[in-house]
Chemist: 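Please see the structure below; I have some questions.
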Amino acid sequence: MSVLINDKETARQFVRINFINDVSSLPDFDLAAARYLIPITGQDLYDDLVANITEAGYADLLKLCRAVIAPLGYMMELATIQTQLTDAGLRSISTEHSQAAHRWEYNEVKNHLEDKGAYAIEALLKYLFELSYALWTDSDEYKDINRLIFKTGIDFQKYFFIRHPHRVFWSLKPQVMEVQDFYINTTIGEEFFLSLKNNATPSAKEKVAIELIKKATAHFTIATAIEKRSVELTENGFSVMLSAGNSDSANAGDAEQRDPQMDLLYKSCTRTGDAYLLQLKEYLDKEAKADVMEGYFSSDYYSAPTTTVSDRNKCRKIFGL
């Protein structure tokens, strides 16, 4: 039985559920913790929380962790809760006063549980970055998340709208890292980029640079995702989503976009990303000084801004003719 949630009353605090009888069992919350929680907290912080679960200093963290594993634990076992596996095969649960849910109801509930758990993960991340437990900041899990300019899907959505950002963002992490490596670092230098990203108290000019980095990264990430996420690698090989499947599913109507639409989005995101990246470079070249963003000013990426007047401006006459 899970240490974090080991009774029905605790489970009921985080998932609206009615227990039909006294012998109703709880999902495998330890499995949910291993799959969804520990990749966020790291093993050391999780183990310390379990060992000191009654400590007042861990009360808020415990509540946030339970908010993650409760809905996601039920989501993982929804199929086996809906049916029973017996020695004679699968059996649907039905009583005189209730019957098994329809397929669309099943899909809606599963979608709701996943949504609720994903929101809880983002709330947990926000809390962890604010508290900065030493056991967390020393973990590989923290270092993996902290490498990114975006820490949550909500932050990413400020610069490019995506549906269900708290769920989608985690699948975009490899693309964000790729954009940082091959677009941002090659334009302003990795050392300067990291100094900006890790600066807890950036100056007004540094904030402008950070905003431009985020705008460029978000649009290049979408363009990269179009290239690499349109085809998915599964245990059966490469596959492409052709339709949403059953018409009563929670995401009915979703389907792979036609090539022209995808191509337009790709070109638009690439153009926008290029524009923000150019704007970032011009801004840094103009504003960086020996005492302002010195890391960039003293690097090989800095280019002194030109003062040459363009031919167009030299030829301008009265009324701009």
Side-chain angles (χ1 to χ4, degrees), residues 2-5 29-53 55-73 114 116-159 162 165-185 188-202 206-207 210-211 213-214 217-218 221 295:
S2 173
V3 176
L4 297 188
I5 301 178
F29 291 123
D30 285 335
L31 181 60
R35 183 170 177 179
Y36 295 104
L37 184 60
I38 295 175
I40 301 296
T41 64
Q43 190 68 54
D44 290 342
L45 179 59
Y46 177 78
D47 290 342
D48 199 54
L49 172 63
V50 169
N52 301 279
I53 197 168
E55 294 294 326
Y58 271 154
D60 291 336
L61 178 61
L62 176 61
K63 183 176 181 179
L64 289 167
C65 289
R66 283 171 169 170
V68 171
I69 66 171
L72 294 177
E114 184 176 3
K116 192 171 185 177
Y119 268 119
I121 288 176
E122 297 231 333
L124 173 61
L125 272 172
K126 183 175 183 296
Y127 176 82
L128 288 174
F129 273 107
E130 290 174 353
L131 269 289
S132 297
Y133 291 100
L135 287 173
W136 187 57
T137 55
D138 289 339
S139 69
D140 291 337
E141 286 76 12
Y142 166 81
K143 294 171 185 175
D144 181 55
I145 298 171
N146 195 49
R147 290 189 305 164
L148 306 178
I149 189 70
F150 300 108
K151 300 300 187 291
T152 65
I154 297 300
D155 189 19
F156 185 93
Q157 188 177 234
K158 295 175 184 177
Y159 304 93
I162 50 178
H166 47 291
R167 290 161 56 174
V168 175
F169 175 70
W170 292 99
S171 65
L172 293 176
K173 285 172 59 181
Q175 279 72 54
V176 174
M177 197 69 236
E178 182 178 339
V179 169
Q180 291 180 185
D181 287 340
F182 297 110
Y183 287 88
I184 307 303
N185 290 344
I188 65 175
E190 181 179 8
E191 186 175 348
F192 178 66
F193 167 67
L194 292 176
S195 70
L196 280 179
K197 183 182 68 65
N198 297 327
N199 191 345
T201 56
E206 287 172 334
K207 288 180 180 179
I210 292 170
E211 283 293 295
I213 291 173
K214 287 185 173 182
T217 301
T221 295

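Values below: all heavy atoms of this structure, side chains included; hydrogens, waters and symmetry mates excluded.
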Chemist: Measuring only between side-chain heavy atoms, which start at C-beta, is D140 closer than 4.5 Å to D144?
Modeler: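 Side-chain contact under 4.5 Å: no.
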Chemist: Tell me, do V168 and F156 make a side-chain contact under 4.5 Å, heavy atoms counted?
Modeler: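 Of all side-chain heavy-atom pairs linking F156 with V168, none is under 4.5 Å.
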Chemist: Looking at K126, I'd like to know if its NZ atom is crowded, meaning that more than 12 non-hydrogen atoms belonging to other residues, nucleotides or ligands lie closer than 6.0 Å.
Modeler: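 No - once you tally the heavy atoms of other residues, nucleotides and ligands closer than 6.0 Å, there are 12 at most.
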Chemist: Is the number of heavy atoms from other residues, nucleotides or ligands under 6.0 Å of K197 NZ greater than 12?
Modeler: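 Buried by this count: over 12 neighbours within 6.0 Å.
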Chemist: Spell out, as yes or no, whether a donor-acceptor pair under 3.5 Å connects the side chain of E114 to the backbone of R167.
Modeler: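 No; judged by distance alone, with no hydrogens or angles, the pair does not exist.
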Chemist: In terms of ring plane angle, is the pair W136 and F129 parallel, tilted or perpendicular, where the classes change at 30° and 60°?
Modeler: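 Perpendicular, since the angle between the ring planes exceeds 60°.
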Chemist: Looking only at heavy atoms, what is the nearest atom pair of L72 and A32, with distance?
Modeler: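 L72 and A32 have their closest heavy atoms at C-CB, 4.4 Å.
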Chemist: Check the orientation of Y133 and Y58. Use parallel for under 30°, tilted for 30 to 60°, and perpendicular for over 60°.
Modeler: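 The arrangement is tilted - the two ring planes meet at 30° to 60°.
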Chemist: Walk me through whether I40 and E141 qualify under side chain to side chain contact (heavy atoms under 4.5 Å, CB included).
Modeler: CA-CA 6 Å; I40 301 296; E141 286 76 12; over 6 Å; no
Chemist: Quick check: do L196 and P202 have side-chain heavy atoms less than 4.5 Å from each other?
Modeler: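 Side chain of L196 against side chain of P202, heavy atoms only: no contact under 4.5 Å found.
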Chemist: Keeping the roles fixed (side chain from T217, backbone from K214), state whether a donor-acceptor pair exists under 3.5 Å.
Modeler: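 No, because the side chain of T217 does not come within donor-acceptor range (under 3.5 Å) of the backbone of K214.
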Chemist: So, do L131 and L61 sit near enough that their side-chain heavy atoms are less than 4.5 Å apart?
Modeler: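 They are not in side-chain contact.
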Chemist: Is there a side-chain contact between R66 and K63 (heavy atoms, below 4.5 Å)?
Modeler: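 Side-chain contact under 4.5 Å: no.
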Chemist: Evaluate the side-chain proximity of I121 to H166: yes if any heavy-atom separation is below 4.5 Å, no if none is.
Modeler: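 Answer no - side chains too far apart.
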Chemist: Only one of L4, T41, L135 forms a side chain to side chain contact (heavy atoms under 4.5 Å, CB included) with L49, so which one is it?
Modeler: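 Only one option passes, and that is L4.
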Chemist: Tell me if a side-chain donor or acceptor on E191 pairs with a main-chain N or O of G295 at a distance below 3.5 Å.
Modeler: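 Between the backbone of G295 and the side chain of E191 there is no qualifying donor-acceptor contact (under 3.5 Å).
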Chemist: Examine distances only and state if a side-chain atom of N198 and a backbone atom of L194 form a donor-acceptor pair shorter than 3.5 Å.
Modeler: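 Checking the backbone N and O of L194 against the side chain of N198, a donor-acceptor pair under 3.5 Å is found.
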Chemist: Within the 4.5 Å heavy-atom criterion, are L45 and L128 side-chain neighbours or not?
Modeler: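 The answer is yes, as the side chains (C-beta and beyond) meet within the 4.5 Å cut-off.
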